[in-house]
Amino acid sequence: MSELHTPQAGDDHAPDLDVVGLLMRQHGDIRNLFDEVEQSKGDERRDAFHRLVRLLAVHETAEEEVVHPFARRAFEGGEQVVEDRLAEERAAKETLSALDDLDTDDPEFLPKLRALRTDVQEHARAEERYEFTHIRRSTDVTNLATMAKAVKAAEAMAPTRPHPGVESAAANVALGPVAALMDRTKDAVRKAMKNG
Amino acid sequence: MTFNPLEQRGIPLDRQLRSWRELNVPPIDPDRCDPYTRCRIITMNGIEVEAIMFSHQLARNTVDPEVKRQLARTRYIEAQQQKVVNWLLPGVSSVLETTIAYEQVAVDLTGWVARMEPDPYLKQAYEFGVLEDFDHLYRYANLYEMIEHRKAESIVDNLTEVMPGRPTRFHHRDPVDNVRDPYDKDTTNPLSKLHALTIMSAEQQTMNFYMNVGPQYMEPIARQLYQEIGLIEEEHVTHYESLVDPGETWWEQLVNHEYNECYLYYSFMEQESDPKVKAIWELHLNMELEHLHIACDLMRRHDGREPQEVLAPELPNVLTFEPNKQYLRHLLDTQMDLTTLGAGYVREAHERFEKMQEQIHGGEEPPSDRVMAEHDEMFGREYRVQSEGEHPDPAMREK
Ligand SMILES: [Fe+2]
Ligand SMILES: [Fe+2]
Ligand SMILES: [Fe+2]
Ligand SMILES: [Fe+2]
Ligand SMILES: [Fe+2]
Ligand SMILES: [Fe+2]
């Protein structure tokens, strides 16, 4: 792999006026983190997995707070589409918490991670194809931008890649347990939606 | 090489039909497959699509209803083969990911063919074309990072470098300058016929793919880039199809198509790393042997000639997917500034070329340049994979 680093959604210089484009880039960020976990070992893997868990938590929470409620109301059949996505998200969360109990160097870790990766990737494509396309079609640019703003507020909660020479693992641990992170993400999103 | 398809019998045609269960093949895993497995799938899909469309054209030019029925029987099997082959591609891949794989095919398939091509004029045609698809790969890779935040190396996996080729804006030539001279069917090396048919089919599938999937994108730059490169793929089809001698009879062409399918399935079976996919190549080879046999009978009957007269005495050396990095670097160093004039190649922008350029660009930057500008706005850099060092052409190094 080349040394080029792709910044996470929100950290690139995209105008981020479209929630769908933003979430699609975040889907890529999640895949990149899966790569990082798979390709590293020891402390590095532990740190990458830590960031993956948090980005997933923030991403799914933002979707649950911002786009899923909108999709439910926005189009015919939206209710069912969102139910399907939520079921996938619940299943992924279960695998994730099982993984969280394992040490990242445990021989069972990688096979489980790969299974999770497959589920997460199928879920992401299902969102893009069956939910996001409808969202773009059902709303105007102002609303897409408002939702983008709320998702960005959520993103600010996710730890980013450690910069060389900076010890960020400690900072990431300081963010506390995933459940607390989700709560903070919800608060941030709701605040942004109100102000939007 | 001891394998001679003319001397082998495959599966009888009436035993080639597959049920839904057999057609329902499990797709490859896009995150863990051998990138060249995906390249072989894309290549064989293009070959099967050509087999189907060629047979349709032949049927439309056939009067005898019994022959039409015979063509229909084989063609239905080709259609099933196409379903099995193309359905090996996974649903989780995005259109852009498949696109990048298509351009990797264009680079490494054409690269291999150019290296192996015995005829210098044909070789030049492949060397000219490969530098263009090489540039397409670079443009799409930058678009991919913009839209999906993923790097093309997660698809091409360091087997193929990603950097500028002949800039895409220069690929728009006056259509008459895309027509090449054909090989001579009676004197050319049989391998040259297989090469031309293979590359023509792959480019045709690429053209079909872009012209159909391009509008699925919502991002304006993506839609426009597919339009631009889609038009160039049409030029490539014109370029490569004109290499084939139009003096070949329909039946001779049918024999060449079936022989080429045998050649490619045999080649890919020999090198396939994925056992499930390998089993498909083997099964399809055994089907093609019978298609070839049927085609040979039709040729004998209608042309009164022996197929051996037009085919290689034995199967040529297997066609292989492998990195062509050094070869491409050599071409980047020597053939960047070529364009076509008539059926030949020149270094200067001539009048007809300049006129076409003026008209199509209309004084504006084409999508292939704007995608780079937009990528730069987003990331402050380009996306490249230069595993073998900096770009051979100093003018093409990243500023
Ligand atoms: Fe989700
Ligand atoms: Fe998502
Ligand atoms: Fe076939
Ligand atoms: Fe191309
Ligand atoms: Fe091409
Ligand atoms: Fe065939």
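Proteins get letters first, then strands, A, B, ... in listed order; numbering begins at 1 in each.
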Taking all heavy atoms of B/His149 and all of A/Asp29, pick out the closest pair and write down the distance. ND1-OD1, 2.7 Å

Portion of A/Ala9 that has a non-hydrogen atom of chain B nearer than 4.5 angstrom: both

Determine the minimum heavy-atom distance between A/Leu4 and B/Glu382, stating which atoms define it. CD1-O, 3.9 Å

Please state whether the side chain, the backbone, both or neither of B/Ser94 comes within less than 4.5 Å of a heavy atom of chain A. both

Please find the pair of heavy atoms, one from A/Gln121 and one from B/Val92, that lie closest to each other, and give the distance. NE2-O, 3.9 Å

So which of A/Glu122, A/Arg136, A/Gln26 has the largest heavy-atom pair count under 4.5 angstrom toward chain B? A/Arg136

Could you walk me through whether A/Asp35 and B/Arg150 pass the salt bridge (Lys or Arg N to Asp or Glu O under 4.0 Å) test, one step at a time? CA-CA 11 Å; A/Asp35 278 343; B/Arg150 289 282 285 170; 2.9 Å; yes

Flag if over 12 foreign heavy atoms under 6.0 Å of OH, A/Tyr130: no

What pair of heavy atoms forms the shortest contact from B/Arg381 to A/Pro7, and how long is it? NH2-CD, 4.4 Å

For the NZ atom on B/Lys276, are there more than 12 heavy atoms of other groups (residues, nucleotides or ligands in this structure) within a distance under 6.0 Å? no

Please classify the contact between A/Glu128 and chain B as side chain, backbone, both or neither, with a heavy-atom cut-off of under 4.5 Å. neither

Does atom NE2 of A/His13 have more than 12 heavy-atom neighbours from other groups under 6.0 Å away? no

Rounding to 0.5 Å, atoms CZ (B/Arg32) and CD (A/Glu38) come to a distance of 5.0 Å

So what's closer than 4.5 Å to chain A heavy atoms on B/Gln216: side chain, backbone, both or neither? neither

Just checking A/Glu64: does its CD atom have more than 12 heavy atoms from other residues, nucleotides or ligands closer to it than 6.0 angstrom? yes

Go through the steps for A/Met24 and B/Ile147 under the test side-chain contact (heavy atoms from CB on, under 4.5 Å), then give the verdict. CA-CA 7 Å; A/Met24 278 175 65; B/Ile147 291 184; 3.9 Å; yes

Please state whether the side chain, the backbone, both or neither of B/Glu148 comes within less than 4.5 Å of a heavy atom of chain A. both

Heavy-atom pairs under 4.5 Å with chain A are the metric here; pick the option from B/Ser93, B/Pro30, B/Gly380 that has the most. B/Ser93

After noting the C-alpha distance and the side-chain angles of A/Arg114 and B/Asp31, does the key distance pass the salt bridge (Lys or Arg N to Asp or Glu O under 4.0 Å) rule? CA-CA 10 Å; A/Arg114 285 181 177 156; B/Asp31 293 322; over 6 Å; no

I'd like to know which of B/Gln386, B/Met146, B/Glu97 tops the heavy-atom pair count under 4.5 Å against chain A. B/Glu97

Non-hydrogen side-chain atoms of A/Asp18 and B/Glu219 separated by less than 4.5 Å: no

